[in-house]
Amino acid sequence: MRTVLSRLKAAYPVAECALHHESPFQLLAATILSAQCTDARVNQTTPALFARFPDAPALATADVKEVETLVQSCGFFRSKAKNLVGMATALVERHGGEVPRRLEDLVTLPGVGRKTANVVLGVCFGIAEGVVVDTHVGRISRRLAFTTESDAVKAERDLCELLPRSRWVSFSHRLILHGRSVCDARKPRCGECVLRSVCPRVGVGGTGEE
DNA sequence: ATCCCGAGGG
DNA sequence: CCCTCTGGAT
C-alpha cells in the first residue's frame with residue numbers, strides 16, 4: 001500500500017477537483033451533474049447555469065424546464081434538473097441556503113448520494129468522512145486486490161481500513177485521474193502504468209474483476 | 001456496442 | 001438485488 005501511495009503521488013502530484021466552482025453550492029451542483037458524464041462536459045455546462053442561478057435561493061425558485069434545457073447535454077437531464085432544484089430547495093428550507101457539513105445531512109438532499117457527499121466534504125471542507133468510491137476507484141481497487149467488493153459501500157469500508165485517514169481524499173482523486181488516463185475500464189494501458197509491478201493482473205490476463 | 005467521477009426506486 | 005434515467009465519447 002505504501003508503494004502504491006507514493007507512486008500515485010509521484011504520478012499525480014496535484015490531487016485537486018477538476019470541476020469548476022466558486023462555492024460549496026456550485027461544487028455540489030456540478031457533482032450532481034457529473035454522474036455518468038465527463039468533467040469537461042460539466043465544465044461546459046455550469047457557467048451558463050451558475051450565471052442564471054448562482055446560489056441556492058436562486059436555483060430553488062427556478063423553473064425546472066429551464067434547468068432541463070441548461071443541463072441537457074450532461075445526460076439524465078430530467079432527473080438531474082429536478083434534483084438540482086430539489087437540492088436547492090432543501091438547502092433553503094433546512095440549512096439556511098448553505099451546504100451542510102455533515103454526511104448524514106448531505107445524503108438526504110435530492111440527487112446527493114454517498115459519493116457526491118464525500119466529494120463536497122473533502123474538497124470544500126477538508127473533511128474525510130470516507131473514501132470516495134466511484135466507478136474508477138472501485139474498478140482499480142478491485143484490480144489491485146484492495147477489495148473484492150463490487151458494492152461501493154462495502155468497497156469503501158475495505159479501503160478505509162487499508163488507508164490512513166489523512167490519505168482518503170487524495171487517494172480517491174489520484175485513482176480517478178489514474179482511471180481516466182491509464183487504468184480505464186475497457187483497455188487499460190498497463191505498459192504505461194506506474195503500479196505495474198504491484199498489480200496482480202499484469203501478465204495474468206483477464207480483468208482481475210471476475 | 002459499451003461505458004462513463006450515480007442516485008432513486010421497485 | 002435489479003432496473004431506469006440519458007447524452008456523449010470511444
Side-chain angles (χ1 to χ4, degrees), chain A residues 8 11-12 14-21 24 26-46 48-49 64-65 67-91 99 103-124 128-144 146-156 159 168-189 207-210:
Chain A
L8 283 174
Y12 310 101
V14 183
E16 286 179 354
C17 181
L19 294 170
H20 300 164
H21 61 282
Q26 292 191 358
L27 179 63
L28 184 55
T31 308
I32 289 173
L33 285 175
S34 77
Q36 304 297 98
C37 175
T38 62
D39 284 359
R41 173 65 51 188
V42 174
N43 287 335
Q44 276 186 294
T45 300
T46 48
L49 179 68
V64 177
K65 286 291 176 190
V67 179
E68 284 183 9
T69 304
L70 286 166
V71 306
Q72 196 269 344
S73 75
C74 291
F76 300 151
F77 65 90
R78 273 182 283 268
S79 55
K80 285 178 180 175
K82 186 170 68 166
N83 285 337
L84 285 172
V85 176
M87 174 274 283
T89 301
L91 290 185
V99 175
L103 185 67
E104 56 202 281
D105 292 329
L106 281 165
V107 295
T108 66
L109 300 170
V112 180
R114 199 175 173 80
K115 183 261 172 183
T116 299
N118 275 326
V119 167
V120 171
L121 286 175
V123 174
C124 293
E129 285 286 332
V131 176
V132 174
V133 178
D134 60 24
T135 179
H136 290 309
V137 176
R139 179 183 66 251
I140 299 174
S141 295
R142 286 189 293 278
R143 286 178 175 169
L144 291 171
F146 290 161
T147 182
T148 58
E149 302 289 353
S150 53
D151 179 85
V153 175
K154 294 177 183 171
E156 180 178 347
L159 291 173
W168 286 358
V169 175
S170 61
F171 175 80
S172 297
H173 278 306
R174 289 185 173 121
L175 274 206
I176 288 161
L177 292 172
H178 189 59
R180 286 195 308 200
S181 59
V182 178
C183 195
D184 61 85
R186 300 184 184 187
K187 196 181 164 198
R189 310 168 72 170
T207 64
E209 299 181 57
E210 285 84 47

So, does [X] get its side chain near the phosphate of [N], meaning an N or O under 4.0 Å from OP1 or OP2?
X        : N     : result
A:Arg78  : C:dT4 : no
A:Arg114 : B:dG6 : no
A:Thr116 : B:dG6 : no
A:Gln36  : B:dG6 : yes

Aromatic stack A:Phe77/C:dG7: centroid gap under 5.5 Å, interplanar angle under 30°: no
Answer with base, sugar-phosphate or nothing: what part of the nucleic acid does [X] contact at a heavy-atom distance below 4.0 Å?
X        : answer
A:Thr38  : nothing
A:Val112 : sugar-phosphate
A:Leu175 : nothing

Pairwise 5' ranking along DNA chain C for A:Lys80 and A:Arg41, keeping only the more 5' one: A:Lys80
Closest listed nucleotide, where the reference is the side chain of A:Arg186 and the choices are B:dC4, B:dT2, C:dC5: B:dT2
Closest to side chain of A:Ala185, choosing from B:dA7, C:dC5, B:dC4: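 That would be B:dC4.
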Between C:dG8 and B:dG8 - C1' atom distance, rounded Å: 22 Å
Interatomic distance at P, C:dC3 relative to B:dT2, whole Å: 15 Å
Rounded distance (Å) that lies between atom C1' of B:dG9 and atom CG of A:Asn83: 12 Å
